[in-house]
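A short write-up of the structure that comes next.
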Amino acid sequence: MKNLIKLADLTSDNIYEIFHIADEIQKGKYTDFLKNKSVILFFPSSSIRTRVTFEKGIYLLGGQSILFPTETLDKKEHLKDVCGYLNNWADLVIVRHENISVIEQLARYSNIPVVNAMSNDNHPCEIIADMYALSKIRNDFISDSYLFCGKAGNIGFTWKEASDIMGFDLSQCCGKGYEIKGLKTYNCIDDAIKGKDIVCTDSLPSAVLPDFKDCQVTKDKMDMANYGAVLNPCPPFYRGEEVTDDVINSPYFVGYDFKKYLLEVQQAVIVYLLR
């Protein structure tokens, strides 16, 4: 049985297979794939994009989604017992929980596939969708040079996993003390952005913003990147913090168009795990 708990659960061939399934879904395939099947979702109330695309994706595949708040998993009942019952009725579990160990326990005790819809350690579906979107607009997204602007955290860690699996070049721009192990790091955007094709960002806690004052992505800074470079900030992004208003309003910004592919990619992950 397959799960998707971290991106490293997949090979590059697996990721390209998910891309292919997403292409097929866009052509109208798999419309009844989840007929008579039920998918259990555990999501916090703050989730917008990930929850909408998973719920709509399940509906378009012909399935039933049953939603619980994430804190349902934090009750006294042991997760082994929760899974013991769900194994009788559910066909797939999709869970967003800050603690990756909770998601890993669900996978351990479930007889059905489990999908990690985000934890504090990683965000695999999001980065698969970003790579799929890049594959639609770049001649060879694996040959591009990537820059991640942000601290060590779930988005940065998952981009690092993606670079290891797919083989593309990835560097980081961050304040001192926020480095991701194994990446070439810069502390100033002026140095970091030169020669880059894909610039990715992550939002920052208010308390650390002063440490990242030299890492902000502006339109003028994007002008220093390679010709045709794109800016892909991970939502939610905050204008005036990790990115400026002028760069979000510029042609460099591809965020809205990129995230439209979340729908097909979330569906493709489901099909990949269940077929």
Side-chain angles (χ1 to χ4, degrees), residues 5-7 42-53 69-71 73-74 95-104 116-130 146-163 170-193 196 198-222 231-249 252-256 258-259 262:
I5 309 303
K6 56 186 183 297
L7 203 61
F42 295 98
F43 272 86
S45 59
S46 59
S47 178
I48 299 175
R49 288 156 289 267
T50 308
R51 177 181 162 185
V52 167
T53 48
T70 298
E71 54 265 29
L73 297 172
D74 299 326
V95 58
R96 184 166 180 156
H97 196 288
E98 61 182 15
N99 189 346
I100 186 68
S101 68
V102 169
I103 304 173
E104 290 171 339
N116 173 7
M118 195 182 84
S119 76
N120 283 352
D121 290 88
N122 56 0
H123 202 349
C125 296
E126 185 89 5
I127 303 309
I128 295 172
D130 281 354
Y146 290 67
L147 176 66
F148 171 71
C149 296
K151 68 180 181 66
N154 56 0
I155 300 301
F157 290 147
T158 312
W159 274 117
K160 171 64 166 59
E161 282 188 279
S163 71
L170 175 67
S171 302
Q172 181 188 12
C173 183
C174 63
K176 292 182 179 179
Y178 300 93
E179 297 85 0
I180 296 170
K181 187 177 180 180
L183 291 184
K184 182 177 182 180
T185 58
Y186 301 84
N187 301 125
C188 177
I189 190 70
D190 290 357
D191 301 322
I193 206 164
K196 301 303 188 296
I198 315 297
V199 180
C200 307
T201 70
D202 191 16
S203 58
L204 298 163
S206 298
V208 310
L209 286 173
D211 299 332
F212 283 77
K213 59 183 175 59
D214 296 324
C215 303
Q216 187 183 59
V217 181
T218 68
K219 183 180 180 301
D220 287 344
K221 304 305 181 186
M222 285 298 301
L231 171 66
N232 175 41
C234 182
F237 57 82
Y238 300 110
R239 300 169 188 244
E241 295 188 5
E242 77 275 18
V243 292
T244 55
D245 196 62
D246 65 344
V247 77
I248 295 299
N249 294 330
Y252 291 117
F253 173 65
V254 295
Y256 303 145
F258 264 39
K259 294 310 172 190
L262 266 176

Are Glu126 and Thr158 close enough that some pair of their side-chain heavy atoms sits under 4.5 Å apart? no
Donor-acceptor contact present, side-chain Asn122 to main-chain Pro124, <3.5 Å: no
For Phe253, which residues count as a ring pair (Phe, Tyr, Trp, His ring centres under 6.0 Å) partner, sequence neighbours excluded? Phe237, Tyr256
Using modelled atom types and a 3.5 Å cut-off, is there a donor and acceptor pairing between side-chain atoms of Glu179 and backbone atoms of Ala152? no
Considering only heavy atoms from C-beta outward, does the side chain of Asp220 approach that of Thr244 to under 4.5 Å? no
Heavy-atom pair of closest approach, residues Gly240 and Gln216: O-NE2, 3.4 Å
Any non-hydrogen side-chain atom of Val217 less than 4.5 Å from a side-chain atom of Met222? yes
Got a sec, which residues hit side chain to side chain donor-acceptor pair (under 3.5 Å) with Lys196, two or more places apart in sequence or on another chain? none
Please name the pair of heavy atoms, one in Gly175 and one in Cys215, separated by the smallest distance, quoted to 0.1 Å. N-SG, 3.9 Å
Test: salt bridge (charged side-chain N to carboxylate O under 4.0 Å, His left out). Region: residues 203-216. Which pairs qualify, not counting sequence neighbours? none
Which residues pass the side chain to side chain donor-acceptor pair (under 3.5 Å) test with Thr218, not counting sequence neighbours? none
By side chain to side chain donor-acceptor pair (under 3.5 Å), Thr53 pairs with (sequence neighbours left out) Gln266
All ring pair (Phe, Tyr, Trp, His ring centres under 6.0 Å) counterparts of Phe42, not counting sequence neighbours: Phe68
Specify the closest pair of heavy atoms between Cys234 and Ile155, including all atoms of both residues, with the distance to one decimal. SG-CD1, 3.5 Å
What are the two closest non-hydrogen atoms of Cys188 and Cys173, and how far apart are they? C-SG, 3.8 Å
Grab the two heavy atoms, one from Lys181 and one from Lys160, that are nearest each other, plus how far apart they are. O-CE, 3.7 Å
With no hydrogens and no angle check, is any side-chain donor or acceptor of Ser47 less than 3.5 Å from a backbone partner on Pro44? no
Qualifying residues under salt bridge (Lys or Arg N to Asp or Glu O under 4.0 Å), relative to Arg49, sequence neighbours excluded: none
Would His123 and Thr50 count as a side-chain contact (heavy atoms from CB on, under 4.5 Å) if you check the C-alpha gap in whole Å, the side-chain angles of each, and the deciding distance to 0.1 Å? CA-CA 10 Å; His123 202 349; Thr50 308; 4.0 Å; yes
Not counting sequence neighbours, which residues clear side chain to side chain donor-acceptor pair (under 3.5 Å) with Lys221? List them please. Asp190
Can you give me every donor-acceptor pair (side chain of residues 198-209, partner residue at least two apart or in another chain, under 3.5 Å) with its distance?
none

Which pair of non-hydrogen atoms, one from Ile180 and one from Gln172, has the smallest distance, and what is that distance? N-OE1, 2.8 Å
With sequence neighbours left out, write down each residue that passes side chain to side chain contact (heavy atoms under 4.5 Å, CB included) with Asn120, or none if nothing qualifies. Glu98
Not counting sequence neighbours, which residues clear salt bridge (Lys or Arg N to Asp or Glu O under 4.0 Å) with Asp74? List them please. none
Tyr178: ring pair (Phe, Tyr, Trp, His ring centres under 6.0 Å) partners, not counting sequence neighbours: Phe212
State whether the side chain of Glu241 and the backbone N or O of Arg239 hold a donor-acceptor pair below 3.5 Å, judged by distance alone. no
